[in-house]
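Accompanying notes for the structure given below.
Atoms within a ligand are numbered from 1 in the order they appear, just like the ligands themselves. The figures that follow rest on heavy atoms only: side chains count, while hydrogens, waters and symmetry mates do not.
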Amino acid sequence: MDMQVSFLDRLFESGLLIETGVDGLYGRSGQFEDVIAAFERLIDRYGAADGAEAIRFPPGMNRAYFEKSGYMKSFPQLAGTVHSFCGNDHDHLGLLQCMEEGKDWTTEQKATDIALTPAACYPLYPTIAKRGPLPAKGGLFDLQSYCFRHEPSKDPARQQLFRMREYVCMGTEADVTAFRQTWMDRGVEMMKSVGLDVEIDVANDPFFGRAGRLLANNQRDQNLKFELLIPVTSQTNKTACMSFNYHQDAFGTKWGLSLADGSVAHTACVGWGLERIALALFAKHGLDVNIWPENVRRTLWG
Ligand code: ATP
Ligand code: ZN
Ligand code: MG
């Protein structure tokens with residue numbers, strides 16, 4: 001056989017990822033999870049002195065918040081909504097018959113109050129806005145959630161359900177841009193400490209459609225988004241394993257986040273793609289953690 005075995009195939013063969021029949025939807029082995037847990041403890045250590053408030057949301061969010069966020073304006077192609085059967089006995093019979101005949105039974109499913117979380121920070125802004133004005137020192141939050149994005153791919157680093165760890169800062173422009181710079185520096189140091197080659201570059205989100213191109217250009221021109229890139233499946237097309245986003249006062253205005261002096265809060269978030277980081281480590285150091293360099297093992301597991 002001259003067919004090249006892909007990184008994804010090797011991950012399946014090693015059992016680190018488990019096939020489900022859907023591209024981008026995988027099970028994870030205990031070993032894979034242990035790497036993510038160890039890396040999250042490394043993040044905890046870097047962030048410990050900052051005193052962020054930890055909050056964990058499930059991977060679904062209030063659909064009303066999702067609608068207000070504007071996600072459907074910018075990224076309709078990526079969104080996921082939760083639908084359920086809401087009918088009576090008669091409708092149920094129809095549903096079963098439809099399935100029996102191999103027809104599309106999903107058209108009768110009705111939208112529930114839940115949308116799948118597209119980024120870990122989305123449920124945070126309305127939650128914090130409800131508390132009233134931020135305290136004088138602003139707000140700093142530690143989040144982690146499974147996120148959904150409808151972007152099926154054979155690239156193991158592009159999954160449909162994956163975890164994002166985030167820190168979110170709310171405060172003055174100076175506060176939140178300093179926060180973002182601090183984490184860019186820490187991010188580089190952190191990745192180096194586990195033997196990964198990193199590069200930081202300006203980036204943009206995949207805003208949908210023709211109008212979206214303008215938004216993407218504006219985001220780049222204003223340096224609103226940076227990515228930390230690491231080789232995972234390719235040395236030339238590197239993978240974004242962290243992102244550093246400055247939202248200016250857009251979320252503050254949208255959600256009514258105000259500072260102690262009454263001004264609108266600026267916000268920034270830094271996010272880690274936890275599966276991508278685990279994959280970067282397996283790609284660099286091998287699929288067996290027992291043969292990883294001693295210093296990397298010590299950084300992760302003490
Ligand atoms: P990309 O440009 O690769 O699509 P992104 O800009 O969409 O990434 P963000 O929206 O900034 O990514 O999300 C924060 C982090 O979540 C990314 O830096 C990345 O590490 C991770 N991430 C994003 N999309 C995926 C995905 N489909 N599968 C796994 N991890 C992802
Ligand atoms: Zn975010
Ligand atoms: Mg993307």
Side-chain angles (χ1 to χ4, degrees), residues 8 11 17 22-26 28 32 36 39-40 43 52 55 57 59 61 69 71 74-80 116-128 139-170 176 179-180 183-184 187 190-191 196 198-208 212 215-216 219-220 224-234 237-247 250-251 254-255 266-281:
L8 183 59
L11 290 160
L17 291 186
V22 177
D23 288 342
L25 182 72
Y26 309 121
R28 291 104 166 98
F32 192 91
I36 288 190
F39 192 85
E40 282 211 82
I43 299 173
I55 303 182
F57 291 103
M61 65 182 286
S69 77
Y71 198 80
S74 297
F75 314 109
Q77 77 280 21
L78 299 175
L116 295 174
T117 304
C121 64
Y122 270 63
L124 181 73
Y125 308 104
T127 303
I128 301 308
L140 184 63
F141 305 92
D142 159 355
L143 307 170
Q144 197 254 53
S145 177
Y146 259 100
C147 296
F148 174 84
R149 293 186 187 177
H150 184 233
E151 44 185 3
S153 170
K154 296 277 184 207
D155 175 356
R158 188 166 299 287
Q159 303 190 3
Q160 299 201 62
L161 276 158
F162 60 93
R163 273 159 294 178
M164 203 185 286
R165 175 76 184 266
E166 282 198 49
Y167 282 107
V168 179
C169 180
M170 303 176 180
V176 310
F179 155 86
R180 186 171 72 152
W183 276 110
M184 289 210 266
M190 183 182 286
M191 298 305 178
L196 296 173
V198 300
E199 184 182 300
I200 287 197
D201 202 359
V202 63
N204 64 266
D205 288 312
F207 293 100
F208 187 79
L215 292 171
Q219 191 181 32
R220 284 187 94 85
L224 297 182
K225 183 182 180 88
F226 288 94
E227 285 176 343
L228 183 151
L229 302 158
I230 306 178
V232 179
T233 43
S234 152
N237 279 327
K238 295 179 185 170
T239 301
C241 291
M242 281 188 78
S243 76
F244 311 87
N245 307 281
Y246 173 38
H247 317 122
F251 289 172
K254 177 179 295 289
W255 296 108
H266 285 235
T267 63
C269 67
V270 301
W272 288 259
L274 295 174
E275 282 76 11
R276 286 188 178 179
I277 291 162
L279 292 169
L281 288 163

Notebook entry, point to check: Given Glu227 and Lys238, is the salt bridge (charged side-chain N to carboxylate O under 4.0 Å, His left out) satisfied, shown in steps?
Noted result: CA-CA 10 Å; Glu227 285 176 343; Lys238 295 179 185 170; over 6 Å; no

Quick check for students: name every N or O atom pair between ligand 1 and the protein closer than 3.5 Å, with distances.
residue, atom, partner, partner atom, Å
ligand 1, 2 (O), Glu227, OE2, 3.4
ligand 1, 3 (O), Arg158, NH2, 3.0
ligand 1, 3 (O), Arg276, NH1, 2.9
ligand 1, 3 (O), Arg276, NH2, 3.2
ligand 1, 4 (O), Arg158, NH1, 2.9
ligand 1, 4 (O), Arg158, NH2, 3.3
ligand 1, 6 (O), Lys225, NZ, 3.4
ligand 1, 6 (O), Glu227, OE2, 3.3
ligand 1, 7 (O), Arg149, NH1, 2.9
ligand 1, 10 (O), Arg149, NH1, 2.9
ligand 1, 10 (O), Arg149, NH2, 2.9
ligand 1, 11 (O), Lys225, NZ, 2.6
ligand 1, 11 (O), Ser243, OG, 2.7
ligand 1, 20 (O), Ala240, O, 2.9
ligand 1, 20 (O), Cys241, O, 3.4
ligand 1, 20 (O), Gly273, N, 3.2
ligand 1, 27 (N), Glu151, OE2, 2.7
ligand 1, 27 (N), Gln159, N, 3.4
ligand 1, 27 (N), Gln159, O, 2.8
ligand 1, 28 (N), Ala157, O, 3.3
ligand 1, 28 (N), Gln159, N, 2.9
ligand 1, 30 (N), Arg276, NE, 3.2

Note to self: Test side-chain contact (heavy atoms from CB on, under 4.5 Å) on Gln159 and Leu279; report intermediate values, then the result.
What the structure shows: CA-CA 12 Å; Gln159 303 190 3; Leu279 292 169; 4.2 Å; yes

Item checked: Donor-acceptor side-chain pairing of Ser243 and Asn245 below 3.5 angstrom -> yes

Note to self: For the metal site, I want the angle between atom OE1 of Glu166 and atom SG of Cys269 with the Zn ion (ligand 2) at the apex, to 10°.
What the structure shows: 90°

Only counting residues at least two apart or in another chain, list the ones meeting ring-ring contact (aromatic ring centres under 6.0 Å, His included) with [X].
| X | value |
| --- | --- |
| Tyr167 | Trp183, Trp272 |
| Tyr71 | Phe66, Phe75, Tyr122 |
| Phe244 | none |

